[in-house]
Amino acid sequence: MDGLAVLETSVLEPLDPAFVEKTLSAPPFYQIEGVLNVRNIPLPPTTSKRGLILRSGETNHISSLGRTKISQDLGIIKIFDLRSDKERAKFGSDSALNIPNVEVICVPARTVEPKEDLKTIFGRFGGTGDQGFVDAYRAILEQGKRAFRGIFEFLAGVSDEEIMRDYALTRVGAEPMREATVVRFAELLQDPDRAESAANALGCRPSAMRATLAMLREEYGGAAGYLKNHLGFSGDDVGRMVRNLTSGRA
């Protein structure tokens, strides 16, 4: 693979099936039947805590085997649902995550205005630049304070290149549902005024995460600055979080 180039492939074009199968069968991905794009967050190579925190895409097609793997095989005890109430009502199913001994906590990471439709949202991602993504993630940082007080994803000691690669791996993780995604958003993808913006919004260019990391440092003082100055954690709290995530102990 030529760096991150293949991960910039438009959602309108299929990825090589052999590449997808090889990538999804290896870390950082996990296979949970009926759940899209499950992988652990990137942590420093010195840690032995792979799988401490997992992230995923849609869960509304999870199977009974998938539920068993979550609760028994992986030992997951909490799921934080970051979707907006509007997203959950339209695309999600609360019953899908009705898993014994697993607590589901709904903490929307962004606010969707009642009159805000997909044409408006996708319209912000026009052109070849990354500003639409930066603006979207800035809004999430501002609107999602309650969410991020409840769930902490700290990329301590991980290089920008690794963060960018992990972000871009969503392109591979979502490939099994690529055709269904294209069908779901066909109206926008076929709209001459919105097609480019919609395709960009459904993508995950590494450069978009590079620009977002720059914004995070410049406007919030990095991850630690955001945690302390915007979420109210103390310096000791942040230090304890880092130790818990990066300790070499299992």
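The figures here come from the full heavy-atom set of this structure, side chains too, leaving out hydrogens, waters and symmetry mates.
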S.K.: Between the side chains of R171 and E13, is the shortest nitrogen-to-carboxylate-oxygen separation below 4.0 Å, so that they form an ion pair?
M.R.: no
S.K.: Can you establish whether the number of heavy atoms outside L74 located under 6.0 Å from its atom CG is more than 12?
M.R.: yes
S.K.: Of all heavy-atom pairs between L36 and G173, which one has the smallest distance, and what is that distance?
M.R.: CD1-O, 3.2 Å
S.K.: Is there a path of hydrophobic side-chain contacts, each under 4.5 Å between heavy atoms of I/L/V/M/F/W/Y residues, joining L141 to F233?
M.R.: yes
S.K.: Testing the 3.5 Å rule here: is there a donor-acceptor pair between the side chains of D130 and S207?
M.R.: yes
S.K.: With clusters defined by side-chain heavy atoms of hydrophobic residues (ILVMFWY) lying less than 4.5 Å apart, directly or transitively, does I62 cluster with I79?
M.R.: yes
S.K.: Rounded to the nearest 0.5 Å, how far apart are CD of E219 and CZ of R138?
M.R.: 4.0 Å
S.K.: State yes or no: do L82 and I105 share one hydrophobic cluster built from I, L, V, M, F, W and Y residues joined by side-chain heavy-atom distances below 4.5 Å, directly or via other members?
M.R.: yes
S.K.: Could you measure the distance from the CG atom of N101 to the CD1 atom of I76? Nearest 0.5 Å is fine.
M.R.: 13.0 Å
S.K.: Can a salt bridge be assigned to the pair R217 and D160 using a cut-off of 4.0 Å between side-chain N and carboxylate O?
M.R.: yes
S.K.: Can you tell me how far the CE atom of M209 sits from the CE atom of M215, to the nearest 0.5 Å?
M.R.: 9.0 Å
S.K.: Look only at the side chain of N200 and the backbone of S197, and say whether a donor-acceptor pair between them is shorter than 3.5 Å.
M.R.: no
S.K.: Name all residues meeting the side-chain hydrogen bond (donor to acceptor under 3.5 Å, both in side chains) criterion together with T9; count only those two or more places apart in sequence or in a different chain, and write none if there are none.
M.R.: none
S.K.: Only one of E142, K228, H230 forms a side-chain hydrogen bond (donor to acceptor under 3.5 Å, both in side chains) with Y220, so which one is it?
M.R.: E142
S.K.: Are M241 and Y226 connected in the hydrophobic side-chain network, where two residues link if heavy atoms are under 4.5 Å apart?
M.R.: yes
S.K.: Between T170 and R39, do the side chains contain a donor N or O and an acceptor N or O under 3.5 Å apart?
M.R.: yes
S.K.: In Å, rounded to the nearest 0.5 Å, how long is the span from OH of Y137 to OG1 of T212?
M.R.: 6.5 Å
S.K.: Using a strict 4.0 Å threshold on nitrogen-to-oxygen distance, state whether E103 and K78 make a salt bridge.
M.R.: yes
S.K.: In the single-linkage hydrophobic clustering (I, L, V, M, F, W, Y; side-chain heavy atoms under 4.5 Å), do L169 and F19 co-cluster?
M.R.: yes
S.K.: Looking at E175 and L15, what are the two nearest heavy atoms and their distance?
M.R.: OE2-N, 3.1 Å
S.K.: Quick one: CD1 on I99 to CZ on R67, what's the gap to the nearest 0.5 Å?
M.R.: 6.5 Å
S.K.: Among T23, N40, V38, which residue meets the side-chain contact (heavy atoms from CB on, under 4.5 Å) test with F29?
M.R.: T23
S.K.: Is it the case that over 12 heavy atoms from other parts of the model lie below 6.0 angstrom from the CD atom of Q131?
M.R.: yes
